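Data first, discussion second: the structure below is written as structure tokens.
Atom set for the values below is all heavy atoms of this structure, side chains included, hydrogens, waters and symmetry mates excluded. Since the model is a prediction, treat every value here as computed from it, not as a measurement. Index from 1, following the sequence.
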Amino acid sequence: MMEFRREIMRHVYLTVLPASKFKTSCLSAQFVTELDRERAAYNALLPAVLSRGTMRCPDMEALSAAMDTLYGTTVTTTVRKNGERQCVGFVASCIDDRFALGGEKLLEPMAALVGEMLLDPVTQGGHYLREYVESEKVNLIDSIRAIRNDKRDWANLRLLQEMCAAEPYGVSRLGDEETAGKITNHTLFRHGQRLLSSGRLELLYCGSAEVSRVEEAVLQAFSTLPRGSAEELPPMQTFAAPEKPRFITEEMDVTQGKLAMGFRCGSDDVPAMMLANLIFGGSSNSKLFLNVREKLSLCYYASSSYARAKKILTVSSGIEPKDYDRTLEEILHQLGQVQQGQWEPWELEGAKSTALNSLRSVADSQGALENFYMSRAAVGQQETPEELMQSLEAVTPERICQAAQSIKLDTVYFLTGKETAQ
């Protein structure tokens, strides 16, 4: 697949992924902005409010009717966190022009609808409708609270809040409840105008239309986009681990303890780090799964993930509180095994196979393609799945050891039951 990306308006970038294998066309519009404690909840709330209606279709019923006339086009809201970037907007999908019964062109009206939702939302007295803002605020606060109800997600969030307390990466993609609760239709409207004016807009199309036609359609749809001074996105912050790791224990009404560990990685060798993570805990053939969970039965689950943009590796596990010391020791032991190259050839082959299969499957779904290219664009990376696959194929065991040796423990967060901790 030959992709195309270029700046079509000031601070507006279009990526086109030509694809005739799908029966649908996908158009994504994402504002990329700095992940920031003060603005995260505003950014998370904005697309939900904008999706409630436009001046032409002032409520969800009218908006749904407009989508129905376009063969059931769908527009979903997105709120993502990529490194220290927050990406918010819409992803629209409709049947590809080739399958329209009357031969209608659907790309142009789909693009126009997305542009309308972003640029001409329903307003009253120069602000968003108060009832829409208040209704979506309730939904946002419910979503923020729901993280606390899933103890695994909560432990992972608390780990990053503690480990990255002074960094944007410690902020949740949804923001915090306190900030969300203070948002009004007036303050949200002002925030929305600033984002439209200064935020970088990433547009992505995947379908069978020609590049020139796609460009013309989105230029028309976003012709009224205000472009003021562009927000300068600061470079991603990366830090070394402290000399002594921090240990934090908190109590909640839980029966199963949640152990979350955060590591800083010093290596710039991304493909080697990806494979080191897969051997360590990133797959069902990993050392954490096969040894800590299966062989030693020390935990209900154990896995690791690697955030390449931040050079952070995290481990998530569910344990019996009495097994805390043994589990912690064994997880660090398994990391040491990876750092020393103590693995069998099949472990490396399995890790490579997992990574390559995952990248191959990206091309099978428009959603996966959109997510892959948008997440790369958000943090300023240009590689394709094919280029990343080639990089992974070339990784040697020596490079994996070298990369893994840069992994240093930063923070350990343990969520345990109230009775257990006493």
Side-chain angles (χ1 to χ4, degrees), residues 1-3 17 21 82-83 238 261-296 299 301-317 330-377 379 381-409:
M1 179 183 292
M2 287 295 293
E3 80 288 347
L17 306 176
K21 65 190 283 187
N82 296 110
T238 56
M261 303 167 67
F263 301 81
R264 303 279 186 176
C265 312
S267 175
D268 291 319
D269 191 343
V270 170
M273 273 302 311
M274 289 172 68
L275 291 174
N277 171 61
L278 284 165
I279 294 171
F280 175 46
S283 76
S284 56
N285 286 322
S286 68
K287 289 187 176 294
L288 291 187
F289 186 88
L290 295 178
N291 294 295
V292 186
R293 182 185 185 274
E294 297 290 295
K295 186 177 173 185
L296 298 173
C299 56
Y301 61 85
S303 63
S304 67
S305 60
Y306 170 59
R308 55 183 288 187
K310 274 294 289 180
K311 296 186 181 178
I312 284 177
L313 187 145
T314 55
V315 169
S316 174
S317 63
E330 190 58 37
I331 288 172
L332 293 173
H333 171 68
Q334 295 302 330
L335 175 60
Q337 295 289 91
V338 179
Q339 291 171 325
Q340 294 158 29
Q342 298 296 312
W343 66 74
E344 300 296 325
W346 63 264
E347 292 179 83
L348 175 53
E349 287 166 21
K352 278 193 177 180
S353 176
T354 298
L356 296 174
N357 287 338
S358 175
L359 287 165
R360 283 190 198 102
S361 70
V362 167
D364 296 332
S365 156
Q366 282 180 319
L369 282 165
E370 188 272 341
N371 191 46
F372 181 90
Y373 281 93
M374 277 297 182
S375 63
R376 295 298 183 272
V379 295
Q381 294 162 353
Q382 299 293 324
E383 72 198 341
T384 65
E386 292 75 21
E387 287 167 346
L388 186 51
M389 285 166 69
Q390 289 176 356
S391 299
L392 287 163
E393 292 272 26
V395 174
T396 61
E398 292 74 25
R399 279 174 57 189
I400 294 173
C401 288
Q402 194 171 6
Q405 283 162 14
S406 78
I407 302 172
K408 301 281 188 279
L409 182 61

Exercise for the section: Assess the side chains of Glu398 and Gln402: does a donor N or O sit below 3.5 Å from an acceptor N or O? Expected result: no
Handout entry: Taking every non-hydrogen atom, the tightest pair across Leu392 and Ala355
Key = CD1-CB, 3.8 Å
Practice task
Might you point out which heavy atoms bring Phe263 and Ile407 nearest each other, and give the distance in Å?
Solution key: CB-CG2, 3.5 Å
Practice task
Please tell me if the side chains of Leu313 and Arg264 come closer than 4.5 Å, counting only heavy atoms from C-beta onward.
Solution key: no
Handout entry: Within-4.5 Å side-chain heavy-atom neighbours: Leu335 and Leu409
Key = no
Handout entry: CE-OG distance between Met261 and Ser304, expressed to the nearest 0.5 angstrom
Key = 11.0 Å
Problem - Working for side-chain contact (heavy atoms from CB on, under 4.5 Å), residues Lys21 and Asp364 - result: CA-CA 9 Å; Lys21 65 190 283 187; Asp364 296 332; 3.5 Å; yes
Exercise for the section: Would you please say whether a donor-acceptor pair under 3.5 Å links the side chains of Ser375 and Asn82? Expected result: no
Fill in the blank from the handout: Ile279 and Ala351 have their tightest heavy-atom pair at CG1-CB, 3.7 Å
Exercise for the section: Kindly say whether Glu393 contributes a backbone atom to a donor-acceptor pair with the side chain of Lys352 at under 3.5 angstrom? Expected result: yes
Practice task
Nearest 0.5 Å please: distance from the CD atom of Glu347 over to the CG atom of Leu275.
Solution key: 12.5 Å
Practice task
Decide yes or no for Glu330 and Leu296: does some side-chain heavy atom of the first lie under 4.5 Å from some side-chain heavy atom of the second?
Solution key: yes
Practice task
Supply the atom-to-atom distance Gln334 CD to Asn291 CG, rounded to the nearest 0.5 angstrom.
Solution key: 4.0 Å
Handout entry: Exercise: do Thr314 and Ser305 side chains pair donor with acceptor under 3.5 Å
Key = yes
Problem - Pairwise side-chain contact, Trp343 with Pro397, heavy-atom cut-off 4.5 Å (strictly under) - result: yes
Practice task
Flag the pair Ile331 / Ser317 as yes when at least one side-chain heavy-atom distance between them is below 4.5 Å, and no otherwise.
Solution key: yes
Practice task
Using atom types as modelled and distance alone, determine if a side-chain donor or acceptor of Ser406 lies under 3.5 Å from a backbone N or O of Ser267.
Solution key: yes
Handout entry: Separation of Ser303 OG from Phe289 CZ (nearest 0.5 Å)
Key = 10.0 Å
Practice task
Would you confirm whether Asn371, through its side chain, and Gly367, through its main-chain N or O, come within 3.5 Å as a donor-acceptor pair?
Solution key: no
Handout entry: Side chain Ser286, main chain Ser283, donor-acceptor under 3.5 Å
Key = yes
Completion exercise
Value for CG (Leu356) from CE (Met389), rounded to nearest 0.5 Å, stands at 5.0 Å
Exercise for the section: Check for a donor-acceptor pair, side chain of Ser361 on one end and backbone N or O of Ser358 on the other, with a separation under 3.5 Å. Expected result: yes
Handout entry: Side-chain (Thr354) to main-chain (Gly350) donor-acceptor, under 3.5 angstrom
Key = yes
Exercise for the section: Using a strict cut-off of less than 4.0 Å between a Lys/Arg side-chain nitrogen and an Asp/Glu carboxylate oxygen, indicate whether Arg376 and Glu370 qualify as a salt bridge. Expected result: no
Exercise for the section: Kindly say whether Gln339 contributes a backbone atom to a donor-acceptor pair with the side chain of Gln405 at under 3.5 angstrom? Expected result: yes
Practice task
Rounded to the nearest 0.5 Å, what's the gap from CZ on Arg399 to CE on Met273? Could you check?
Solution key: 12.5 Å
Practice task
Please tell me if the side chains of Tyr306 and Ile312 come closer than 4.5 Å, counting only heavy atoms from C-beta onward.
Solution key: no
